[in-house]
Amino acid sequence: MEAKRDCASEANNHGDAQSEGTESDPLTAYLDLTSFQLHDLQAVEIPPNLFELDLTANRLSVLDPRIGLLSHLKKLSLRQNLFDDAGIEPLSSWSAISDLQELILRDNRLTKVPDVSILKNLLVFDVSFNEIPSLNGISKVSNTLRELYVSKNEVTKMEELDHLQELQILELGSNRLRFMENLQNLTNLQELWLGRNRIRAVNLCGLRCIKKLSLQSNRLTSMIGFQDCVALEELYLSHNGIMKMEGLSTLVNLCILDVSSNKLTTVSDIEKLTRLEDLWLNDNQIASLEGFDLALAGSREKLTTIYLERNPCAKTPGYSVTLKQIFPNLQQIDSEVFS
C-alpha cells in the first residue's frame with residue numbers, strides 16, 4: 001500500500017508540474033501519467049482545462065468520471081492498460097468531451113469496436129492490439145476521421161469503411177483478412193498497411209492516390225494490381241510468393257521498393273523508374289548481375305541502397321565492386337554502409 005501511495009503522490013506532483021505556466025493559455029494544459037502503474041486516479045488531481053491526457057502503460061480498468069467533464073480535451077491515450085468493453089463504455093455518453101480529436105485504446109482487452117459516435121470531430125482512432133474479430137461499429141465513427149488503426153486483432157473482413165472519405169491512413173496489419181475490398185470510397189487514402197494477413201490478390205478498388213502501401217507477409221503470387229497507383233512512393237511486398245516483377249513501370253514516383261523474400265529469378269519492369277532510391281531484393285533466387293544496368297537504367301544515378309544478400313548473385317566474385325560501377329551513388333550494399 002505504501003508503494004501505491006508513493007506512486008499516486010508522484011503522479012499528483014507530476015500533474016501539478018505539467019499544469020504550471022498554463023494560466024495564460026488554458027488549452028495547452030497537458031498531463032502525462034505514462035508508466036506510473038496506477039490502478040485508479042483517485043489520488044491524482046485532474047485539471048479541468050486539460051487539452052491532452054496521456055495514461056499510457058498503467059493498470060487502469062475503469063474510466064475516472066472526471067475525464068468525462070474535460071470539455072477542452074482533444075487527445076486521450078489509454079494505451080496499454082486493462083480496459084475491457086464494459087470499462088470503455090462510459091465514453092459513449094460523455095457529451096462534454098464530444099470535441100475529442102484523438103482517442104488511443106491500443107493494447108487493452110477490447111473484443112469489439114467501442115461506440116464513439118458521440119465524438120463528432122474525431123481525427124485519430126486506434127484500437128490496435130486488442131481482441132476485436134470484426135469492424136462492426138466502425139460505421140458509427142465520425143466521417144471526419146483521418147487515421148484508423150486496427151492492427152493485431154482478429155478481423156476477417158474489410159467492411160463499414162464507406163463513409164470514411166477523409167481517411168488518409170488505414171492500418172489493418174496482423175489480422176485474418178483474405179481479400180482487399182470495400183475501399184472504393186476512400187479516395188483520400190494515402191497509406192494502406194495490410195501486412196501479415198492472408199491476402200492472395202491485389203485489389204485496390206480503383207484508388208489512385210495511395211503513397212505508401214504494405215502487403216508484406218501475405219500470400220501474393222503476382223504483382224498485378226498496382227499499375228494504376230501512380231502516386232505510390234513506397235511499396236512493401238516482402239515475404240510473399242511472387243515469381244515475377246511486373247505492373248511496376250507506371251509507378252514513376254516510386255522511391256522505395258521492397259520485394260525481398262520472394263521467388264524472383266530476374267529484375268524487370270522497373271527500368272523507367274527514375275526516382276527509385278531503395279531497392280530490396282535480398283532472399284530471392286537471382287542468379288546473376290548481368291543486365292542489371294539495363295534493368296535499372298532509369299534509377300542508375302538515383303539509387304543509394306540495394307539489398308541482394310542471400311541470392312546466388314551475391315556470391316559471385318567482385319559482387320560489390322560491380323554494383324558500385326553500375327550505380328555510382330550507392331551508399332549501402334546489403335549491411336555494408338559507405339560514403
Side-chain angles (χ1 to χ4, degrees), residues 11 30-41 50-64 67-68 70 73-92 94 97 99-119 121-142 144-161 164 166-177 189-197 212 214 216-217:
Y30 169 47
L31 180 56
D32 184 355
L33 298 174
T34 298
S35 298
F36 278 90
Q37 297 299 309
L38 297 170
H39 290 258
D40 58 59
L41 302 180
L50 279 184
F51 179 87
E52 181 173 350
L53 176 58
D54 193 339
L55 295 168
T56 297
N58 282 287
R59 307 291 294 172
L60 302 173
S61 59
V62 177
L63 285 170
D64 191 302
I67 296 175
L70 300 175
L73 197 65
K74 300 297 182 183
K75 298 181 181 181
L76 174 61
S77 177
L78 301 171
R79 176 177 179 174
Q80 199 175 337
N81 277 279
L82 302 175
F83 288 104
D84 59 14
D85 300 326
I88 290 297
E89 191 171 356
L91 275 175
S92 65
W94 284 351
I97 63 169
D99 286 334
L100 195 71
Q101 296 179 355
E102 184 172 324
L103 177 59
I104 310 299
L105 299 172
R106 185 185 184 97
D107 199 359
N108 277 281
R109 298 177 175 178
L110 304 181
T111 61
K112 63 180 181 180
V113 175
D115 182 357
V116 293
S117 55
I118 202 167
L119 307 179
N121 297 303
L122 198 62
L123 300 177
V124 179
F125 186 38
D126 188 346
V127 290
S128 297
F129 288 82
N130 280 285
E131 301 170 13
I132 299 172
S134 168
L135 293 182
N136 290 338
I138 291 294
S139 61
K140 295 181 179 180
V141 178
S142 172
T144 59
L145 200 68
R146 301 288 182 86
E147 302 178 17
L148 174 60
Y149 303 91
V150 198
S151 62
K152 200 61 171 69
N153 279 282
E154 306 292 333
V155 177
T156 59
K157 186 177 182 180
M158 299 173 70
E159 57 187 341
E160 298 198 18
L161 300 169
L164 300 179
E166 298 300 317
L167 200 66
Q168 296 178 2
I169 299 176
L170 176 58
E171 163 67 275
L172 285 168
S174 297
N175 278 287
R176 298 184 178 182
L177 299 172
L189 197 65
Q190 296 184 20
E191 299 183 21
L192 178 58
W193 304 90
L194 294 171
R196 293 186 180 278
N197 278 286
K212 298 180 181 180
S214 173
Q216 296 173 305
S217 299

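Hydrogens, waters and symmetry mates are skipped; everything else that's a heavy atom, side chains included, is used.
- Using modelled atom types, no side-chain atom of Asp126 and backbone atom of Arg79 make a donor-acceptor pair closer than 3.5 Å.
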**Message:** Run the side chain to side chain contact (heavy atoms under 4.5 Å, CB included) test on Leu41 and Leu33 for me, step by step, so that the C-alpha distance in whole Å, both residues' side-chain angles and the decisive distance to 0.1 Å come before the verdict.
**Reply:** CA-CA 10 Å; Leu41 302 180; Leu33 298 174; 4.3 Å; yes
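- Residues Glu171 and Tyr149 come closest through the heavy atom pair CB-CD2, 3.5 Å.
- A distance-only check finds no donor-acceptor pair linking the side chain of Asp84 to the backbone of Leu110 [under 3.5 Å].
- Across all non-hydrogen atoms, the minimal contact from Ile138 to Val113 is CD1-CG1, 3.9 Å.
- Using a 4.5 Å heavy-atom cutoff, the side chains of Ser134 and Glu159 are in contact.
- Counting heavy atoms from C-beta on, the side chains of Leu63 and Trp94 come closer than 4.5 Å.
- Applying the side chain to side chain contact (heavy atoms under 4.5 Å, CB included) test to Glu89 and every residue at least two apart in sequence or in another chain returns Ser92.
- Applying side-chain contact (heavy atoms from CB on, under 4.5 Å) to Leu55 and the options Asp32, Ile67, Leu31 leaves one that passes, Ile67.
- Residues Asn153 and Asn175 approach most closely at C-OD1, 3.0 Å, considering heavy atoms.
- Contact annotation: the side chain of Val62 never approaches that of Asp40 to less than 4.5 Å [non-hydrogen atoms, C-beta and beyond].
- Contact check for Asn136 versus Glu160: side-chain heavy atoms found under the 4.5 Å cut-off.
- Of the candidates Asn108, Thr111, Asn130, Asp85 forms a side chain to side chain donor-acceptor pair (under 3.5 Å) with just one, namely Thr111.
- Formation of a donor-acceptor pair under 3.5 Å by the Ser174 side chain with backbone atoms of Lys152 is not found in this model.
- Within the 4.5 Å cutoff, no side-chain heavy atoms of Leu170 are placed close to those of Leu164.
- Scanning all heavy atoms of the two residues, the minimum distance from Pro90 to Ala86 falls at CD-O, 3.6 Å.
- Residue Thr34 holds its OG1 atom at 7.5 Å from CG of Asn58, rounded to the nearest 0.5 Å.
- Leu194 CG to Ser214 OG: the interatomic distance, rounded to the nearest 0.5 Å, is 7.5 Å.
- Shortest non-hydrogen contact noted between Met158 and Leu161 is CB-CD1, 4.3 Å.
- Of the inter-residue distances, the one linking Leu177 atom CG with Thr156 atom OG1 reads 7.5 Å to the nearest 0.5 angstrom.
- To the nearest 0.5 angstrom, Leu100 atom CG is 9.5 Å from Asn121 atom CG.
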**Asked** Given Val150 and Phe125, is the side chain to side chain contact (heavy atoms under 4.5 Å, CB included) satisfied, shown in steps?
**Response** CA-CA 9 Å; Val150 198; Phe125 186 38; over 6 Å; no
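- In this structure the side chain of Lys75 never reaches within 4.5 angstrom of the side chain of Ile104, judged on heavy atoms.
- Going from atom CG of Leu123 over to atom CZ of Arg146 covers 6.0 Å, rounded to the nearest 0.5 Å.
- Between Ala57 and Asn81 the shortest heavy-atom distance is N-ND2, 4.1 Å.
- Expressed to the nearest 0.5 Å, how far CD1 of Ile88 lies from CG of Leu103 amounts to 7.5 Å.
- Between Leu105 and Pro114 the shortest side-chain heavy-atom distance falls below 4.5 Å.
- More than 12 non-hydrogen atoms from other residues, nucleotides or ligands lie less than 6.0 angstrom from CZ of Arg106.
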**Item:** Test side chain to side chain contact (heavy atoms under 4.5 Å, CB included) applied to Leu135 and Leu172, step by step
**Value:** CA-CA 10 Å; Leu135 293 182; Leu172 285 168; 4.3 Å; yes
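- Within a 6.0 Å radius of NZ in Lys74, more than 12 heavy atoms belonging to other residues, nucleotides or ligands are found.
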